[in-house]
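Chain A is the first sequence line, chain B the second, and so forth, proteins listed ahead of strands; every chain is numbered from 1.
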There are 2 protein chains.
Amino acid sequence: MAKVYPGQNLSQEDIIEMLARRQIQPTQQRIRIAEVLFARRQHLSADQVLALVNDGPVHVSKATVYNTLGLFAEKGLVRQVIVDPSRVFYDPNTEEHHHFYNVDTGALTDIDADSLALAGLPELPAGTVSDGVDIIIRIREQVPGRDRAGG
Amino acid sequence: MAKVYPGQNLSQEDIIEMLARRQIQPTQQRIRIAEVLFARRQHLSADQVLALVNDGPVHVSKATVYNTLGLFAEKGLVRQVIVDPSRVFYDPNTEEHHHFYNVDTGALTDIDADSLALAGLPELPAGTVSDGVDIIIRIREQVPGRDRAGG
DNA sequence: GTCAGTGCAAACCCTTTGCAGAAAG
DNA sequence: CTTTCTGCAAAGGGTTTGCACTGAC
C-alpha cells in the first residue's frame with residue numbers, strides 16, 4: 001500500500017485516507033482544511049486557514065476552523081508552533097525539524113533537523129518525560145545602519 | 001511595612017541602580033515590580049506579577065504592570081519567554097540559557113547554557129540577522145502507565 | 001512648572017463555548 | 001434514525017489603549 005506523506009500532491013482520496021488513519025471522520029470541512037494545510041506545506045495561523053478555506057467552494061465557519069485545527073493537532077496530523085504570543089501557527093510537517101521566526105515579518109521557516117543538532121540533552125526534572133524539543137531561531141530584517149551602535 | 005519574600009536579597013538601592021543603568025526612571029511602581037521579579041528569580045506572567053506586587057504596600061494597576069514589563073523587556077532587563085499561547089512569561093535571567101516547559105503544570109525551569117549547546121547554526125535566510133535562539137524542551141508529568149502503548 | 005508615568009475602564013483580538021440545525025453513517 | 005459535526009454569535013481571557021490625574025525632577 002502506498003503510504004501518503006504530507007507535502008505531496010494529494011488527491012481528495014489521499015486526504016480522506018490520511019484522516020481515516022488518524023480516526024478523524026472525513027467531513028467536507030475537515031477535508032477542505034486538510035487540503036489547504038497539506039497542499040501548501042506552509043505554517044498557517046487559524047485566521048489564514050479560515051481565509052484560504054473560504055477562497056474555495058466549501059464554506060467553513062470560524063468555529064469549525066478552530067475546532068478542526070485543534071482536533072488535527074490532538075490527533076498528531078499537524079503540530080502547533082508557538083513563537084508569537086498573539087497567535088498559534090499550525091505546521092503540517094510533523095517530522096522532526098525546527099524554525100526560523102522572523103520577528104519583523106512574522107514569517108516562519110523550517111530548519112531541517114539534520115542541520116541543527118543539540119549537543120546532548122540535559123537531565124530532565126524528576127518525574128517528567130520529554131514531550132518534544134522546540135528550537136526557534138529568531139531573526140529580523142537586516143536594516144542598513146541598524147547593526148551599528150547609536151540610535 | 002514591606003513584606004519580605006523568600007530569596008529576596010536586593011536592596012531597593014540596588015534595584016534603583018539597576019533601573020538607572022538601563023535608563024529607566026525609577027518610580028515606586030517600577031521598583032516594586034523589579035523587586036518582585038528579581039527577588040524571586042522566577043518566570044512570572046503579567047498576571048502573577050500583578051498579584052505579587054499588590055501583595056505589598058505599593059498599589060500598581062494592571063495597565064502599569066503590562067506597560068512596565070513591556071518596558072523592562074524592551075530595555076533588556078528581562079526577557080519574554082513564549083511557550084504558551086495563552087500568556088507570556090517574563091524571565092529576570094537575561095544570561096544565555098534555555099527552558100524546560102512542563103505542559104501539564106505550566107512550570108518553566110531554566111536550563112543552563114553549558115548543558116545544552118547547538119551543534120552549529122544553520123545559514124540564516126538572506127537579508128536577515130539573528131535575534132536570539134530559544135530552545136524549549138517540553139516535558140510532561142510521568143504518569144505510570146501513560147508511557148506504554150494503549151492509552 | 002513641565003513632562004513622564006499611572007490608573008481606570010473600555011477596546012481589542014484571538015480563541016472557546018452553547019445550542020439549534022445539518023450532515024454522516 | 002441516531003450521533004457527530006457545523007455555524008452563528010456571544011462569551012472569555014490576556015493585552016493594549018485613551019485620557020485625565022499624579023508624581024518625579
Worksheet item: Within less than 4.0 Å of OP1 or OP2 of D:dT6, is there a side-chain N or O belonging to A:Ser61?
Response: no

Fill in: Donor-acceptor contact present, side-chain B:Asp91 to main-chain B:Val81, <3.5 Å
no

Practice prompt. Rounded to the nearest angstrom, tell me the gap between atom CG in A:Leu69 and atom C1' in C:dC14.
Written response: 13 Å

Fill in: Rounded interatomic separation in angstrom, taking CD from B:Glu74 and P from D:dT15
17 Å

Discussion item. Tell me every residue that passes side chain to side chain donor-acceptor pair (under 3.5 Å) with A:Arg87, counting only those two or more places apart in sequence or in another chain.
Written reply: A:Asp84

Practice prompt. Encode nucleotides 15-25 of chain C as B, S and - characters from 5' to 3', where the letter depends on protein heavy atoms closer than 4.0 Å: B to the base, S only to sugar-phosphate, - to neither.
Written response: BBB------S-

Fill in: Atom pair distance, as rounded to whole Å: CD1 in B:Ile24 and C1' in C:dT6
16 Å

Worksheet item: Would you say the side-chain atoms of A:Asn67 pair up with the backbone N or O of A:Ala63, donor to acceptor, closer than 3.5 Å?
Response: yes

Worksheet item: Tell me: CG of A:Leu71 to C1' of D:dC5, nearest whole Å?
Response: 11 Å

Response to the item:
Terminal axes of the helix from C:dG1-D:dC25 to C:dG25-D:dC1 (5 end pairs apiece), angle rounded to 10 degrees, sit apart by 30°

Discussion item. Using a 4.5 Å cut-off between side-chain heavy atoms of Ile, Leu, Val, Met, Phe, Trp and Tyr, which other residues end up in the same hydrophobic cluster as B:Tyr66?
Written reply: none

Discussion item. How many whole angstroms separate atom CD of A:Gln23 from atom P of D:dC5?
Written reply: 13 Å

Discussion item. Suppose we screen for side chain to side chain donor-acceptor pair (under 3.5 Å). Which residues come up paired with B:Asp134, at least two apart in sequence or across chains?
Written reply: A:Arg138, B:Arg79

Worksheet item: Residues in side chain to side chain contact (heavy atoms under 4.5 Å, CB included) with B:Thr27, at least two apart?
Response: B:Gln25, B:Gln29, B:Arg30

Item to complete: List for me each residue that meets side chain to side chain donor-acceptor pair (under 3.5 Å) alongside A:Asp47, sequence neighbours excluded, and say none if there are none.
Response: none

Discussion item. My understanding is that only residues two or more places apart in sequence, or in another chain, count here; which of them pass ring-ring contact (aromatic ring centres under 6.0 Å, His included) with A:His97?
Written reply: A:His99

Practice prompt. For A:Ser45, check side chain to side chain donor-acceptor pair (under 3.5 Å) against everything at least two apart and list the hits.
Written response: A:Gln48

Discussion item. Can you tell me if A:Arg30 touches the phosphate of D:dT6, counting only side-chain N or O atoms and a distance under 4.0 Å to OP1 or OP2?
Written reply: yes

Discussion item. Whole angstroms only, please: what is the CG-C1' distance between A:Asn54 and D:dT6?
Written reply: 13 Å

Worksheet, complete the sentence: B:Phe72 atom CZ is separated from D:dT15 atom P, nearest whole Å, by 17 Å

Worksheet item: Whole Å only: how far is the CZ atom of B:Arg32 from the C1' atom of C:dG5?
Response: 18 Å

